[in-house]
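Along the sequence shown, residues are numbered consecutively beginning with 1.
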Amino acid sequence: MVKTLLLLLAAAISGPLMPAAHAAEWPDRPIRMVVPYPPGGATDVAARLYAQHMGDFLKQTVVVENKAGAGGEVGAEAVARATPDGYTVLMGALGSLAINASLLDKQNYSFVKDFKGVSVAITMPMALAVNTSVPANSVQELIALAKSRPGKLSIGSAGNGSSQHMAGELFKQITGTDILHVPYRGSGPAVTDLLGGQIDMVIDTLPALMPQLASGKIRILGVTTAERAPALPDVKTLAEQGVQGYAVATTYALLAPTGTPPQAIEKMSMAMQKAGALPELREGAAKLGAKATPTSPAETDKVVSGELKKWAAVVNRSATRTAKK
């Protein structure tokens with residue numbers, strides 16, 4: 001009898017009846033969402049739009065942590081090197097990450113190998129704006145003006161290798177124009193000089209440009225996305241105005257380190273999708289001129305692949321291959 005009891009006890013300790021022998025179900029502690037840029041920018045806003053609602057659905061706190069530096073590289077590398085357990089993730093601007101992957105000769109991580117897609121968060125149009133002193137009221141008029149003055153018109157950006165810079169490079173490549181690139185340290189200084197007439201044009205996000213329309217000093221000639229922006233329904237896209245093949249959006253997405261358990265990625269993605277369907281989140285995105293566009297992990301990986309392919313081609317055709325070593 002005693003022997004039988006001992007055998008039953010041993011089986012209970014080693015068998016599936018002991019739940020403590022199994023790992024706790026994910027998530028059982030707070031999740032850290034790293035933003036590789038300073039607070040207040042579009043990536044930071046996208047992260048904070050989703051974090052609270054994700055936490056509600058996952059029943060855990062999602063903490064947004066800003067880890068800025070080197071054009072997003074410091075934060076991205078920190079997440080790439082983090083333990084792939086689902087508790088450290090990256091909210092990144094896909095265009096910038098993809099551009100850096102092609103533009104930088106040396107990185108301490110691999111955007112291609114070290115990250116898996118969780119979900120797109122928001123998609124934000126950019127727009128082509130000129131100072132009102134520029135004698136062009138349409139994109140085609142601007143192209144004609146640029147071709148009549150090779151190297152004389154100037155386009156500002158948030159810095160060498162930035163999404164704004166590469167959006168401008170793509171515009172020049174498709175239109176065959178020679179426009180002088182003027183890099184700044186951020187969108188703010190570039191837009192300030194656009195208002196002052198020190199530069200002729202920029203391609204930048206709607207939040208950077210729309211507040212300046214009331215000044216009467218800038219004119220938005222077109223939006224960069226394949227479809228018109230809901231915030232500017234009367235403004236035609238660049239493609240509608242003859243710049244065929246031009247489709248650029250600033251896409252912000254949640255990424256996890258490669259090796260993160262698939263069930264954690266799936267749960268995070270479902271939480272993102274549920275959050276993205278909430279009216280309050282969609283309204284918050286709309287205030288940025290953006291759209292909540294959550295996706296499945298597989299769809300997110302396709303978006304990442306598309307961004308990598310697009311910007312690698314632009315970088316390789318441009319004269320800025322080593323601008324951000």
Side-chain angles (χ1 to χ4, degrees), residues 37-38 40-43 68 70-72 93 95-96 99-100 103 124-139 141-225 229 232 235 238 241 243 246 248-250 288-289 311 314-315 317-324:
Y37 304 104
T43 315
S96 295
I99 289 165
N100 285 348
L103 189 61
M124 184 184 297
M126 301 174 80
L128 171 60
V130 298
N131 183 277
T132 50
S133 66
V134 175
N137 293 299
S138 70
V139 172
E141 288 182 6
L142 179 65
I143 293 170
L145 181 66
K147 288 185 175 180
S148 71
R149 304 178 185 177
K152 300 299 183 182
L153 295 184
S154 57
I155 182 167
S157 80
N160 279 321
S162 64
S163 296
Q164 294 89 336
H165 176 198
M166 288 298 121
E169 289 298 312
L170 180 59
F171 177 79
K172 290 191 288 182
Q173 290 170 9
I174 292 177
T175 60
T177 51
D178 179 7
I179 302 171
L180 176 66
H181 172 234
V182 182
Y184 289 84
R185 292 190 175 184
S187 290
V191 174
T192 296
D193 271 10
L194 176 67
L195 291 167
Q198 282 80 26
I199 55 175
D200 297 305
M201 70 190 83
V202 298
I203 295 178
D204 215 317
T205 60
L206 295 190
L209 296 172
M210 288 182 64
Q212 312 304 331
L213 286 174
S215 70
K217 295 180 179 179
I218 68 169
R219 182 164 52 246
I220 292 180
L221 299 186
V223 294
T224 63
T225 39
L232 295 170
V235 178
L238 269 66
Q241 298 182 68
V243 187
Y246 195 100
V248 174
T250 307
L288 298 172
W311 295 117
V314 175
V315 168
R317 289 198 304 266
S318 75
T320 58
R321 178 66 183 82
T322 58
K324 286 183 66 179

Roughly how far apart are [X] [atom1] and [Y] [atom2], rounded to 0.5 Å?
{"X": "Ser162", "Y": "Arg185", "atom1": "OG", "atom2": "CZ", "value": "13.5 Å"}
{"X": "Ile218", "Y": "Ile220", "atom1": "CD1", "atom2": "CD1", "value": "5.5 Å"}
{"X": "Trp311", "Y": "Leu103", "atom1": "CH2", "atom2": "CG", "value": "12.0 Å"}
{"X": "Leu213", "Y": "Arg219", "atom1": "CG", "atom2": "CZ", "value": "11.0 Å"}
{"X": "Met124", "Y": "Thr225", "atom1": "CE", "atom2": "OG1", "value": "11.5 Å"}

Can you classify the ring geometry of His181 versus His165 as parallel (below 30°), tilted (30 to 60°) or perpendicular (above 60°)?
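Taking His165 first and then His181, their aromatic rings lie parallel (interplane angle under 30°).
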Please report the closest heavy-atom contact between [X] and [Y], naming both atoms and the distance.
{"X": "Val191", "Y": "Gln212", "result": "CG1-CG, 3.8 Å"}
{"X": "Phe171", "Y": "Tyr246", "result": "N-CE1, 3.5 Å"}
{"X": "Val235", "Y": "Gly222", "result": "CG1-CA, 3.6 Å"}
{"X": "Tyr37", "Y": "Ser96", "result": "OH-CB, 3.4 Å"}
{"X": "Ile99", "Y": "Ser163", "result": "CD1-CA, 3.8 Å"}

In the structure I gave you, are the side-chain heavy atoms of [X] and [Y] within less than 4.5 Å of one another anywhere?
{"X": "Tyr184", "Y": "Thr192", "answer": "no"}
{"X": "Leu142", "Y": "Leu128", "answer": "yes"}
{"X": "Val248", "Y": "Met166", "answer": "no"}

Under the side-chain contact (heavy atoms from CB on, under 4.5 Å) test, residues paired with Pro135 that sit two or more places apart
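Testing Pro135 for side-chain contact (heavy atoms from CB on, under 4.5 Å), a comparison that skips the adjacent residues, returns Leu145, Arg149.
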Look at the side chain of [X] and the backbone N and O of [Y], then say whether any donor-acceptor pair between them is shorter than 3.5 Å.
{"X": "Arg317", "Y": "Glu169", "result": "no"}
{"X": "Gln241", "Y": "Leu221", "result": "yes"}
{"X": "Lys172", "Y": "Ser318", "result": "no"}
{"X": "Thr43", "Y": "Ala93", "result": "no"}

Donor-acceptor contacts, no H, no angles, side chain residues 196-209, under 3.5 Å, sequence neighbours left out:
residue, atom, partner, partner atom, Å
Asp200, OD2, Ser154, N, 2.9
Asp200, OD2, Ser154, OG, 3.3
Asp204, OD1, Gln164, NE2, 3.1
Asp204, OD1, Ser187, OG, 3.2
Asp204, OD2, Ser187, OG, 2.8

Check whether more than 12 heavy atoms from other residues, nucleotides or ligands sit under 6.0 Å from atom NZ of Lys217, and answer yes or no.
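No, NZ of Lys217 has 12 or fewer neighbouring heavy atoms, counting only those of other groups under 6.0 Å.
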